[in-house]
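All remarks here apply to the structure that follows.
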Amino acid sequence: MKRVLIINTAGPDTSSGHLFTALGQALESSNHSEVEIAHLKNGVGIWAKLSKMLLPSLRCWRAIRRADIVIVHTTVFLAAWEILMARAFGKRLLAIFWDSYPESFMGLGRTHPGLSLKCYGWGERGLLRLCDVILPPSEDYLPHLLTIGLADKAEFLPIWPFTDIRTPVMPSPRREDTVEICFAGAVNVIRGLDHALHTLVKTTDNRIELHFYGRNAPSLPESLPRDRVTLVDHGFVAQGEIMERLATHDFGLVSLHPDFALPAFPSKCISYICAGLPVLYTGPPLRSFEKFLTETETGLALEAGMEVDLGSHAHALRADFAKAQQKALRRVNLSEDKIAKILQ
């Protein structure tokens, strides 16, 4: 039996925290491993984040000594000491590569690559090279990993379900020309939500109701026609309740800024599918992600120049979504072969 230590630097009540809890349960249920999850304390502000780079606690040091396998995630810079200790003790090191840092901080008018970010990048790359395996969620990541010299370590591990799975149901009837689209999560420049709304207005004649679930609701851009788009703010809704609420809408929106040049496989896509909700994607081309939506029949990617009746598309996808949901879950579930890839 392998002892696995998962180090989560994002805190327990985050998407990463929920993902690692689900991963730990899957590894333990396989009867091949004993799992411990170290949720490093999550704080607000730069000093709270940098505090995670202090020397590990005695408890964490002992956990690394006991473990056969240590799993970290990007940004690995926040687990630098843990990685160095695991390497010194000869442990098998796996890095789950969901986002690329510091590139995610740069571009789109955010931060320019000064000396501090360059040092951060060198440190991040160096720590990733110490890992035995890099685990990105899709082939969309391969060109970027090739650019930064890490493609030879890559093994693909799709983002797995981390919420309750609900049986899909048809939502209640609504006005024929209205489509309810929900967005759950944080809003920032990378999400490109304002661009997504403009894309929706250009590609469909439907009236859009955007239902927002999160702590900081966005403002609708002044340039959007108010007779076409309205915002309904539901505020923050806890994980246990939100799945039932999501299922009442027509689409779950996954959006990225059109100029975002890094690979992605948004985890909220899996949450939407588990809720029984079709996915609507707007953003730059993501070949593997869009192929996943098309082949599993769980969603639709909007492209420039398209003209679609979103109401009809939502109804068509909903008609047999239980079958599509199962098809998608077979692709992303933590099967025995995926677990074996981690435990080998």
Side-chain angles (χ1 to χ4, degrees), residues 15 98-112 137-138 140-141 143-144 177-234 246 249-272 277-294 298-311 313-314 317:
S15 294
W98 289 322
D99 299 292
S100 184
Y101 294 96
E103 292 86 353
S104 292
F105 294 143
M106 300 185 292
L108 303 180
R110 299 181 95 197
T111 305
H112 295 288
S138 78
D140 286 330
Y141 288 71
H144 179 69
D177 64 339
T178 300
V179 176
E180 289 190 9
I181 299 173
C182 69
F183 181 93
V187 175
N188 56 42
V189 67
I190 291 176
R191 301 287 183 265
L193 194 55
D194 52 342
H195 292 271
L197 291 171
H198 280 103
T199 299
L200 288 168
V201 169
K202 291 176 183 176
T203 55
T204 185
D205 292 329
N206 300 103
R207 182 174 172 273
I208 305 298
E209 277 189 12
L210 178 67
H211 291 255
F212 178 80
Y213 295 87
R215 287 193 167 88
N216 298 301
S219 299
L220 293 178
E222 292 293 330
S223 53
L224 285 174
R226 290 302 186 268
D227 60 332
R228 295 285 313 282
V229 183
T230 56
L231 173 68
V232 181
D233 180 16
H234 297 268
L246 294 178
H249 305 297
D250 295 307
F251 285 103
L253 179 64
V254 172
S255 65
L256 290 172
H257 192 288
D259 295 330
F260 185 66
L262 294 171
F265 196 108
S267 62
K268 63 167 57 70
C269 162
I270 305 301
S271 297
Y272 292 150
L277 182 65
V279 177
L280 188 64
Y281 172 65
T282 70
L286 292 174
R287 182 178 173 276
S288 293
F289 178 63
E290 294 176 40
K291 184 179 178 182
F292 170 78
L293 296 179
T294 301
T298 52
L300 171 70
L302 295 183
E303 299 174 5
M306 288 179 67
E307 293 183 8
V308 297
D309 182 340
L310 288 179
H313 270 282
L317 288 169

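Values below: every heavy atom of this structure, side chains too, minus hydrogens, waters and symmetry copies. Source: prediction; values computed, not measured.
Under the 3.5 Å distance criterion, the side-chain polar atoms of D140 are matched with a main-chain donor or acceptor of S288. At least one donor-acceptor pair closer than 3.5 Å links the side chain of D250 to the backbone N or O of E180. Remark: the backbone N or O of W98 is paired with a side-chain donor or acceptor of Y141 at under 3.5 angstrom. The backbone N or O of F251 sits nowhere less than 3.5 Å from a side-chain atom of Y272 that would complete a donor-acceptor pair. One N or O on the side chain of N188 and one on the backbone of R191 form a donor-acceptor pair closer than 3.5 Å. Put simply, the side chain of T178 never gets that close to the backbone of R207: no donor and acceptor are under 3.5 Å apart.
Between L280 and the choices V308, L293, L310, T199, the side chain to side chain contact (heavy atoms under 4.5 Å, CB included) rule is met once, by L310.
T298 has its side chain out of reach of L317: every pair of non-hydrogen atoms, C-beta onward, lies at least 4.5 Å apart. Residues F289 and S138 are not in side-chain contact: their nearest non-hydrogen atoms beyond the backbone lie 4.5 Å or more apart. Taking 4.5 Å as the limit, every side-chain heavy atom of V189 sits out of range of all side-chain heavy atoms of F260. Here the side chains of L262 and D99 are not in contact, with every heavy-atom distance at 4.5 Å or above. With a 4.5 Å cut-off on side-chain heavy atoms, I181 and L200 count as touching.
The number of heavy atoms from other shown groups lying within 6.0 Å of CZ (R215) does not exceed 12. For CG of D233, the number of neighbouring non-hydrogen atoms (other residues, nucleotides, ligands) closer than 6.0 Å is greater than 12. For CZ of R228, the number of neighbouring non-hydrogen atoms (other residues, nucleotides, ligands) closer than 6.0 Å is greater than 12.
Distance check, rounded to the nearest 0.5 Å: CG of L197 to OG of S255 gives 8.0 Å. Summarising the geometry, atom CD1 belonging to I208 is positioned 10.0 Å from atom CG belonging to D177; distances are rounded to the nearest 0.5 Å. The distance from the OG1 atom of T204 to the CG atom of D309 is 6.0 Å, given to the nearest 0.5 Å.
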*Would Y281 and L256 satisfy side-chain contact (heavy atoms from CB on, under 4.5 Å), going step by step from the backbone distance to the final call?*
CA-CA 8 Å; Y281 172 65; L256 290 172; 3.9 Å; yes
_side-chain contact (heavy atoms from CB on, under 4.5 Å) assessment of L193 paired with L253_ = CA-CA 9 Å; L193 194 55; L253 179 64; 3.6 Å; yes
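Using a 30° and 60° split on the angle between ring planes, Y213 and H234 fall in the parallel class, below 30°.
The ring pair (Phe, Tyr, Trp, His ring centres under 6.0 Å) analysis of residues 181-202, with sequence neighbours excluded, yields the pairs H195-H257.
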